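Heads up: the structure comes next, in structure tokens.
Convention: sequence-line order gives letters A, B, ...; per-chain numbering from 1. Predicted, not measured: the structure shown is a model, and the values here were computed from it.
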Protein chains: 2
Amino acid sequence: MTKKGRQAAACKCKSSCGASKNTGTSAVFQKRKSNIIKKAAKLFIKKGYAQTSMRDIAKATGIDVGNLYYFIKSKEEILYLIFDMFHKPEEEIFERFEINKIEDPVQQLKTMITELIGFGGNFRQEILLLYRESRVLPKENLKCIMARESHVISQIEGILKEGVPKKVFKIEDTSFTANMIMYELALYSMRHWNMTPYLKNEFIDLLWNHISKVVLSRPD
Amino acid sequence: MTKKGRQAAACKCKSSCGASKNTGTSAVFQKRKSNIIKKAAKLFIKKGYAQTSMRDIAKATGIDVGNLYYFIKSKEEILYLIFDMFHKPEEEIFERFEINKIEDPVQQLKTMITELIGFGGNFRQEILLLYRESRVLPKENLKCIMARESHVISQIEGILKEGVPKKVFKIEDTSFTANMIMYELALYSMRHWNMTPYLKNEFIDLLWNHISKVVLSRPD
DNA sequence: TATTATCTACAACGCATGTTGTAATTTGCA
DNA sequence: TGCAAATTACAACATGCGTTGTAGATAATA
């Protein structure tokens, strides 16, 4: 990219569109924009971010190269918006499923994990993309993403911490374990070539079996 | 890169040098070459593969851009050689520590894990690089790397399988568990920003504690 | 010292890249 | 219909890229 300072969408902002005067509220505009994001995601996943050119994206969307900039600010921004698309809803799983209203910490954890995998399974490749390419984002956006990740981890740790005094969990280091669980959740994405024998539900069972051995005070 | 077919080092080959007539056996030649690899590794880790130019590598090594090609065949080859540097020794840990000569499967597993982490800890960033950038390698080299990975996993699974009939391990799906263990070993690299509170030995303890809960038939 | 093999300096090639500017066209609305 | 806003078409820019070729310098060998 030509040096002109980092200009991808800021952390919480809804990514003000690229058009000069366009309010970005038009339905077609949004549709076209999200199409760019989806098509670009496919390409980035398949070929890698650096190996995908704006001209590739233009071809895939049918939008002229130059006009892409009518909808987005930069190539970098596209990447950020891809992450935003699935990473933001992931953060809200805890609230959406009202997990804090479940009284049993074991059920809390199981629900959380099931939903996280269920959700993550729909964005397997995008998660991989996040791991692979997030480094190219400007620091600010990177921070934003890591903050979201940390937020989910702390939610998991919260569940664990609740279960320890209740004697349903037995965990020495809740922070480490929460991190590990979050990390294990990505196994299905990260090592998919070795996970092909398993269907998603099988994987959830295996993973829950795995995790419950680690955290439950009385396994089985 | 200019299209001219994939030309990085083949799977097992010792990467025939770039020089036309040079046998590549000269000590200085090898020294210079491995310096290129090391310096390039640093740059790739810091800036990413695509964001690092041959001119950057030239600057870092003090070798003229054009003359880099006297030592290596292509930019791609450098990446492959970086992976080769640490990935090959990792594969040989099982033999080097004569793990199959240990009779107790629990000690086998513990030794294997300890050594893998101990080794991996020295190449934390390189492992990250492997996860991030291996996709840019030609398929053949990629296969080679995944084969090595699978080899280690199957060694772990071998240990697990030995322990199950001896009733020291209790594992439903040894393949899944072996995969998971291999994956967990990379936690320290992959999520280092969350692992900073832990020293390497602390991490080994935590991880062994974690894994033993999963695999041992009688934890504690 | 003469000759060959190893290494270096330097310039250049050809191409693909992200991005911009602008004029024309279409659309939405009064 | 007429005007303004939204959208498109097209060409161009500037630059950085991986790689090559070659002529000269140095080191090793005899």
Side-chain angles (χ1 to χ4, degrees), chain A residues 1-8 16-36 40 43-44 47-80 133 136-138, chain B residues 1-8 16-36 40 43-44 47-80 133 136-138:
Chain A
M1 70 169 203
T2 50
K3 275 286 155 47
K4 53 172 304 204
R6 303 357 268 313
Q7 59 163 11
S16 61
C17 64
S20 42
K21 293 168 189 175
N22 189 330
T23 53
T25 45
S26 150
V28 255
F29 181 92
Q30 288 302 335
K31 200 158 201 170
R32 207 107 66 185
K33 180 167 177 175
S34 87
N35 187 240
I36 292 173
L43 289 168
F44 290 167
K47 317 193 343 168
Y49 175 80
Q51 291 76 31
T52 303
S53 70
M54 291 301 282
R55 282 158 183 85
D56 292 332
I57 298 172
K59 210 167 285 176
T61 55
I63 298 172
D64 182 90
V65 208
N67 294 339
L68 285 175
Y69 291 84
Y70 181 73
F71 299 94
I72 49 92
K73 277 206 282 236
S74 65
K75 194 186 174 190
E76 250 178 18
E77 196 205 33
I78 299 180
L79 188 63
Y80 177 75
E133 311 272 22
V136 320
L137 292 179
Chain B
M1 70 170 204
T2 50
K3 275 285 157 47
K4 53 173 306 203
R6 302 1 264 314
Q7 59 162 9
S16 61
C17 63
S20 41
K21 293 166 189 177
N22 189 330
T23 53
T25 45
S26 151
V28 257
F29 180 91
Q30 287 302 334
K31 199 158 201 168
R32 205 107 67 186
K33 180 168 176 174
S34 85
N35 186 241
I36 293 173
L43 288 169
F44 290 168
K47 316 194 338 166
Y49 175 80
Q51 290 77 30
T52 302
S53 70
M54 292 300 282
R55 283 160 181 85
D56 291 332
I57 299 172
K59 211 166 284 174
T61 54
I63 298 172
D64 182 90
V65 208
N67 294 339
L68 285 174
Y69 290 84
Y70 182 71
F71 299 95
I72 49 93
K73 279 206 281 235
S74 65
K75 193 186 173 191
E76 250 178 17
E77 197 205 32
I78 300 180
L79 187 64
Y80 178 74
E133 311 273 21
V136 319
L137 291 178

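A straight line from CG of A:Leu68 to C1' of C:dG21 spans 16 Å, rounded to a whole angstrom. We find that NZ of B:Lys47 is positioned 13 Å from C1' of D:dC17, with the value rounded to whole Å. One atom, CZ of A:Phe71, and another, P of C:dT19, lie 16 Å apart when rounded to the nearest Å. Rounded to whole angstrom, the span from the OH atom of A:Tyr49 across to the C1' atom of C:dT17 amounts to 12 Å. Between the CD atom of B:Gln51 and the P atom of D:dG16 there is a distance of 15 Å, rounded to whole Å.
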Where do N or O atoms of nucleotides 28-30 of chain D meet protein N or O atoms at under 3.5 Å, pair by pair?
none

Is there any protein nitrogen or oxygen under 3.5 Å from a nitrogen or oxygen in nucleotides 9-12 of chain C, and what are the pairs?
from	atom 1	to	atom 2	distance (Å)
C:dA9	N7	B:Asn67	OD1	3.0
C:dA9	N7	B:Asn67	ND2	2.9
C:dA9	N6	B:Asn67	OD1	3.3

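Closest approach of B:Phe29 to B:Tyr70, counting heavy atoms only: CE1-O, 3.6 Å. B:Ala60 and B:Leu43 make their closest contact through CB-CD1, 3.9 Å (heavy atoms, listed as atom of the first residue, atom of the second, distance). Residues B:Ile72 and B:Met54 share a closest heavy-atom pair of CD1-CE, 3.9 Å. Here the closest non-hydrogen pair linking B:Asp56 and B:Lys47 is OD2-NZ, 3.0 Å. When all heavy atoms of B:Ile57 and B:Ala40 are compared, the pair lying nearest together is CD1-CB, 3.9 Å.
Nearest nucleotide to the side chain of A:Tyr69, out of D:dT19, C:dG18, D:dT7: C:dG18. The side chain of B:Ser74 lies closest to D:dT19, out of C:dT19, D:dT19, D:dT7.
The phosphate of D:dT8 (OP1 or OP2) has a side-chain N or O of A:Arg32 nearer than 4.0 angstrom. For the OP1/OP2 pair of C:dA16 and a distance below 4.0 Å, the side-chain nitrogens and oxygens of A:Ser53 include no atom meeting the criterion.
B:Glu76 is listed as a side-chain neighbour of B:Tyr49, based on a closest heavy-atom distance under 4.5 Å. Within the 4.5 Å cutoff, no side-chain heavy atoms of A:Asn35 are placed close to those of A:Ile63.
Taking the ring axis of B:Tyr80 as reference, the NZ or CZ atom of B:Lys73 does not stay both within 45° of it and closer than 6.0 Å to the ring centre.
The side-chain contact (heavy atoms from CB on, under 4.5 Å) test applied to B:Asp64 returns B:Asn67, not counting sequence neighbours.
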